[in-house]
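One structure below.
Values in this document were obtained by computation on a predicted structure and should not be read as measured data. Numbers restart at 1 for each chain; the letters A, B, ... are given by sequence-line order, proteins then strands.
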Amino acid sequence: MSETRRADPRSVAGKNLPVEERPDVLVVGAGPAGLAAAIACARAGLAVLQVDENPVPFAAMGDDAPLHYGQAMSGAARNRNAALEAFVASEPRIAEAFEAGVDLRLGVACWGVYANGAAMGWMPGLVAGLADEGRAWLIQPRHIVLACGRRDMGLAFPGWETPGVVGAAAAAALAARYGAFAPRRVVVLGATTPALAAARDLAAQGVEIAAVVEQAREAPGDPALLANARARGAELLTGHVVREVVGAGRVEAAFVCALDARGEPAGGERRIACDGVVLAVGATPVIDLLDAAGGAVAFQPERGGYAPLLDAGQRSTLPGVYAAGDCAGVWDSKTLDRRIAEAEGERAAAAILGAVEAPAAAPPAPGYDLSAYRLDWARASIVHARAPLHVCQCEEVTARELLELRPPRYLGAGPPHPDQVKRLTRAGMGLCQGRRCREQVAALLALQSGEALAAIPLAGYRAPTRPLRLSQMAGLAEDPPLAEHWDTWFGMAAQWRPFWDVPAYYTVAGSDPAQPAASE
Amino acid sequence: MDVSTPPCGASVVIVGGGVTGLSAGWWLAREGVDVLVLDKGLVGWEASGRNGGGCSHHHSPLFAEEQRLWPVMDELLGYPTEFRPGRIRLAADARQMELYGRALANAERQGFASDRLDAGQARDLVPLAGATIVGGYRYRFGGQANPHRTLQGYAWAMQDHGGRVLQHATVTGFHSEGDRVRGVETDRGVFACDHLVIAAGPQTGRLAAILDAQLPLVSARWEMIVTEALPLMPMGGVDGCGLYGRQTLRGNLAYGGGPHEWLDGADLGTPPKPSSPLTLNIGKRLAQLFPKAAHARVIRSGAGMIENTPDGRPVIDRLASRANVTVATLSSVGFGLSPASGRAIRDLVVDGACGFADLSSLSLARFARLEPDWRARQGWLAPA
């Protein structure tokens with residue numbers, strides 16, 4: 001006879017999450033792709049909740065979340081209302097979304113997406129974690145469209161922690177969306193199309209582009225954008241690398257020099273006066289939510305690096321989760337024409353609505369070897385740096401520590417896994433959650449092992465993908481059974497029975513699970 | 001027999017590169033025993049690298065040895081474990097106060113003292129604590145170490161003594177002759193052995209079954225969170241309020257607790273280890289434990305896949321079904337005990353019996369009368 005007791009009360013069985021809302025669709029991000037998806041779904045009658053973490057609180061910008069703001073924000077970014085107005089005014093389709101009935105909430109971040117899978121089965125469906133400045137909460141959407149945009153590969157050089165060294169996406173957002181970009185004269189590192197597009201956006205806001213520095217012999221970016229930058233007076237320095245950025249409290253000058261045929265710094269240095277340096281050597285999709293949720297990603301040079309695996313309807317490998325816009329892949333024509341991102345958003349909406357999807361054109365192959373290009377930057381700037389530098393600013397991990405990592409013999413001949421490197425060095429374990437160093441560390445591991453970037457596994461993302469204060473969690477309304485049965489460990493009385501008091505034979509019938517479990 | 005070269009085998013082959021297997025390998029290697037540790041993936045990738053780092057297991061027969069070894073582990077290994085002695089456990093209500101106090105009676109019986117703290121004393125000792133605390137206990141034993149550092153320490157120290165680790169080698173079977181295992185079959189070739197140790201976490205039961213031994217195990221997922229680094233408290237080993245964990249030497253608050261999720265299939269391959277929205281519930285309790293850290297930002301969560309025997313107690317035993325096989329599962333409480341469990345395994349392998357502790361309560365034979373449907377009876381079932 002089998003006597004089945006009720007499910008282990010200390011387990012997740014029967015526990016409920018305090019889900020506050022159940023919209024048909026959650027759209028994360030209110031850029032071109034997210035707005036197109038949200039508007040299309042709302043017009044079709046679906047209940048659409050759309051969130052965008054902009055305007056980002058000034059304090060969060062100071063922590064380089066979600067982008068590498070590099071303290072380049074002006075005081076204008078402190079004024080929440082002004083920032084909100086500027087952000088809304090700079091994107092006409094936001095008004096269109098409100099008119100279409102989208103429940104669009106600005107200043108709300110999505111920090112987690114949860115889905116049942118091989119190792120988790122107690123989610124009631126798709127669950128997303130949201131947060132504003134005050135609190136964090138959970139919702140349960142039927143579909144999630146991720147339209148989280150892009151960020152930039154960090155690039156270390158002596159002085160790269162100086163305020164004013166800023167990622168291209170952050171610089172463009174501060175200038176074009178907030179009117180709050182402090183530097184007035186910048187050096188742009190990289191002459192790819194995303195770099196030149198950022199230069200264009202900055203110039204349009206009155207920022208002087210002193211120089212575009214490119215380690216490659218030829219600028220790989222869009223010729224028209226390049227011609228535009230030069231026409232505005234930007235000097236193009238190909239075959240060059242930044243040697244150091246100096247300044248007391250903020251960037252005052254960048255030193256650059258030419259590279260020799262081996263790609264090593266050689267010859268005299270030039271001092272370029274500037275108050276900002278824009279890191280634009282690698283625009284990469286923001287995949288943190290999808291990767292942390294278990295969605296499949298892969299290194300895809302044509303999509304700008306690690307990017308989601310998607311089908312023709314923008315579906316990720318997680319049922320009900322879609323990706324559109326830059327977070328689905330960054331490529332040159334998409335950078336130049338927002339209609340490509342919008343079409344992806346509309347395609348995701350069509351997939352959600354069960355409509356016929358317009359087939360997506362495959363991204364064109366980049367006109368240059370993306371892996372070799374980024375590795376060349378890392379070699380010239382980091383490996384050949386003339387002074388010690390911290391590749392991971394948060395945990396102060398130097399390039400030397402990464403390059404000379406005592407290679408445990410058991411790591412074998414291949415490149416070490418970046419997640420193992422995290423444990424060995426702490427690189428990427430800090431408050432910026434690896435956003436500034438992740439791609440650089442991968443590049444150094446690739447250089448060290450003579451592999452291409454594609455051979456380096458992705459350092460895994462974890463929720464919360466944005467730093468969340470404990471105080472934002474303190475007010476969580478808990479499911480009473482969960483609170484009642486909460487235990488430090490497994491809550492098994494037999495586990496903690498002292499060894500001198502253990503019966504010779506253990507049987508379920510002979511045990512008393514109701515005894516208090518005095519855990520370690 | 002298809003024997004791969006190199007390495008073609010070892011005197012002792014240990015399956016499982018977690019803390020238990022690596023500690024055993026180190027204890028053996030430091031005596032000159034030729035040891036090879038095999039891991040299906042990366043060393044320390046499962047529960048060994050995903051735990052709170054506590055070292056105060058007063059219920060275990062290995063407790064005395066655990067307490068003796070931790071203060072000297074850095075010296076013995078030649079590598080830092082970041083071990084720091086002592087522990088404070090804080091209670092938010094009378095129920096927790098009673099529960100935590102019960103645990104300490106075990107330690108006292110074995111000669112390890114602790115102090116009862118009133119609310120004021122607790123707040124004096126713990127700068128981040130506040131009015132949410134009704135009292136607590138200060139252990140004058142135990143402590144915490146850094147699991148990642150310790151794991152590296154075992155691996156490096158074992159290598160210093162000539163032991164070897166092979167990652168990404170998945171065991172597919174065993175080659176037996178008579179009542180002895182002669183080789184470990186893997187996807188990287190066959191490794192000959194004189195003695196086999198299976199210390200493979202969730203996979204231990206499945207591997208033992210290949211050798212005709214029943215070792216009942218079920219695995220569950222358990223979660224924790226990590227904050228940004230904060231200024232160091234005088235003692236890092238502070239937990240309570242339903243949480244287990246510590247402030248790391250770097251300053252991060254690393255804490256976990258709450259409901260676990262029983263799972264199927266964790267004994268195969270390398271399962272993903274997703275965390276769930278329990279992040280919020282853990283954070284809520286951490287804010288209660290440390291109100292003065294309410295501003296601290298949580299920067300990641302993590303989960304571990306942890307195996308348990310039916311009574312939650314370890315098995316460290318020689319198999320009856322083979323003459324040269326030792327099995328070890330620490331049943332969800334393995335990190336802190338690892339200096340002692342590794343030594344116990346060394347004793348079982350070399351001497352046939354543990355010379356410093358009575359392991360009878362950790363024997364496999366205690367499950368001889370276990371109900372076949374024990375898992376359902378205990379309700380340890382994966383969500384439908």
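Here B:Ser332 is the residue among B:Ser56, B:Ser332, B:Gly257, B:Ala103 with the most heavy-atom pairs under 4.5 Å with chain A. Contacts with chain A were tallied for B:Ser361, B:Ala296, B:Gly256, B:Ser219; B:Ala296 has the most, counting heavy-atom pairs under 4.5 Å. With chain B as the partner, the residue from A:Phe499, A:Trp111, A:Trp496, A:Tyr461 showing the most heavy-atom pairs under 4.5 Å is A:Phe499. Here A:Ala463 is the residue among A:Ala483, A:Ala13, A:Ala463, A:Ala118 with the most heavy-atom pairs under 4.5 Å with chain B. When each of A:Thr465, A:Leu482, A:Val127 is checked for heavy-atom pairs under 4.5 Å with chain B, A:Leu482 comes out on top. Contact count versus chain A (heavy atoms, under 4.5 Å) is highest, among B:Pro259, B:Gly101, B:Pro383, for B:Pro259. Each of B:Glu228, B:Arg102, B:Glu261 has some count of heavy-atom pairs under 4.5 Å with chain A, and the biggest count is that of B:Glu261. Per-residue counts of heavy-atom pairs under 4.5 Å with chain B were compared for A:Val502, A:Leu476, A:Asn116; the largest is that of A:Leu476. Counting heavy-atom pairs closer than 4.5 Å to chain A, the top-ranked of the candidates B:Phe367, B:Trp374, B:Trp262 is B:Trp262. Of the listed residues (B:Glu98, B:His58, B:His295, B:Arg89), the one with the most heavy-atom contacts under 4.5 Å to chain A is B:Arg89. The choice from A:Leu468, A:Asp487, A:Asp501, A:Thr507 that makes the most heavy-atom pairs within less than 4.5 Å of chain B is A:Leu468.
Contacts between B:Arg369 and chain A at a heavy-atom distance below 4.5 Å involve backbone atoms as well as side-chain atoms. Both the backbone and the side chain of A:Glu395 have a heavy atom closer than 4.5 Å to some heavy atom of chain B. With a 4.5 Å cut-off on non-hydrogen atoms, A:Met492 touches chain B through its side chain but not through its backbone. In this structure, the portion of A:Arg466 lying under 4.5 Å from any heavy atom of chain B is its backbone and not its side chain. Contacts of B:Tyr100 with chain A are made by side-chain atoms alone, with heavy-atom separations under 4.5 Å and no backbone atom involved. For a residue to count as touching a neighbouring chain, one of its non-hydrogen atoms must lie under 4.5 Å from one of that chain's; by this rule B:Arg375 does not touch chain A. Only the backbone of A:Cys394 comes within less than 4.5 Å of a heavy atom of chain B; no side-chain atom from C-beta onward does. Residue A:Tyr114 touches chain B through its side chain alone, counting heavy-atom pairs closer than 4.5 Å. Heavy-atom distances place both the backbone and the side chain of B:Ser276 under 4.5 Å from chain A. With a 4.5 angstrom heavy-atom cutoff, B:Asn308 touches chain A only via side-chain atoms. With a threshold of 4.5 angstrom between heavy atoms, B:Tyr255 does not approach chain A through any atom at all. Proximity to chain A (any heavy atom under 4.5 Å) is restricted, for B:Ala365, to the backbone atoms N, CA, C and O. For B:Asn252, the part lying near chain A is the side chain, with the backbone staying farther off; criterion is any non-hydrogen pair under 4.5 Å. With a 4.5 Å cut-off on non-hydrogen atoms, B:Ser360 does not touch chain A at all. No part of A:Ala493 comes within reach of chain B, as not one of its non-hydrogen atoms sits under 4.5 angstrom from that chain. Looking at A:Ala504, the atoms closer than 4.5 Å to chain B (heavy atoms on both sides) all sit in the backbone: N, CA, C or O. Looking at B:His260, the atoms closer than 4.5 Å to chain A (heavy atoms on both sides) sit in the backbone and in the side chain alike. For chain A, the nearby part of B:Leu263 is the side chain; its heavy atoms alone come within less than 4.5 Å.
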Does B:Arg285 form a side chain to side chain contact (heavy atoms under 4.5 Å, CB included) with A:Glu478? I'd like the steps, not just the answer. CA-CA 11 Å; B:Arg285 281 167 180 75; A:Glu478 256 179 6; 2.4 Å; yes

Worked verdict on A:Leu470 versus B:Phe290 for side chain to side chain contact (heavy atoms under 4.5 Å, CB included): CA-CA 10 Å; A:Leu470 293 176; B:Phe290 296 137; 5.8 Å; no

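For A:Trp486 (side chain) and B:Gly242 (main-chain N/O), a donor-acceptor pair under 3.5 Å exists by modelled atom type. Remark: the backbone N or O of A:Met429 is paired with a side-chain donor or acceptor of B:Arg300 at under 3.5 angstrom. Checking side-chain atoms of B:Gln378 against main-chain N and O of A:Val508 turns up no donor-acceptor pair under 3.5 Å. In terms of modelled atom types and a separation under 3.5 Å, the side chain of B:Arg221 and the main chain of A:Ala119 share a donor-acceptor contact. Looking only at distances, a side-chain donor or acceptor of A:Arg423 sits under 3.5 Å from a matching main-chain atom of B:Gly44.
Ring geometry for B:Trp45 against A:His417 counts as tilted: the plane angle lies between 30° and 60°, on a 0 to 90° scale.
The shortest heavy-atom contact between A:Gln495 and B:His59 is O-CD2, 3.2 Å.
Considering only heavy atoms from C-beta on, A:Gln433 stays 4.5 Å or farther from B:Arg297 through its side chain. In this structure the side chain of B:Arg313 never reaches within 4.5 angstrom of the side chain of A:Tyr506, judged on heavy atoms. In this structure, B:Pro277 and A:Met123 have side chains that are in contact, with non-hydrogen atoms separated by less than 4.5 Å. Between B:Ile282 and A:Met473 the shortest side-chain heavy-atom distance does not fall below 4.5 Å.
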Can you give the donor-acceptor pairs under 3.5 Å from side chains of residues 129-141 of chain A to other protein atoms, not counting sequence neighbours?
residue, atom, partner, partner atom, Å
A:Asp132, OD1, A:Gly134, N, 2.9
A:Asp132, OD1, A:Arg135, N, 3.0
A:Glu133, OE1, A:Arg80, NE, 3.3
A:Arg135, NH1, A:Glu20, OE2, 2.9
A:Arg135, NH2, A:Glu20, OE1, 2.8
A:Gln140, OE1, A:Arg22, NE, 3.4
A:Gln140, NE2, A:Pro124, O, 3.4

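The CG atom of B:Leu278 sits 7.0 Å away from the CG atom of A:Leu17 when rounded to the nearest 0.5 Å.
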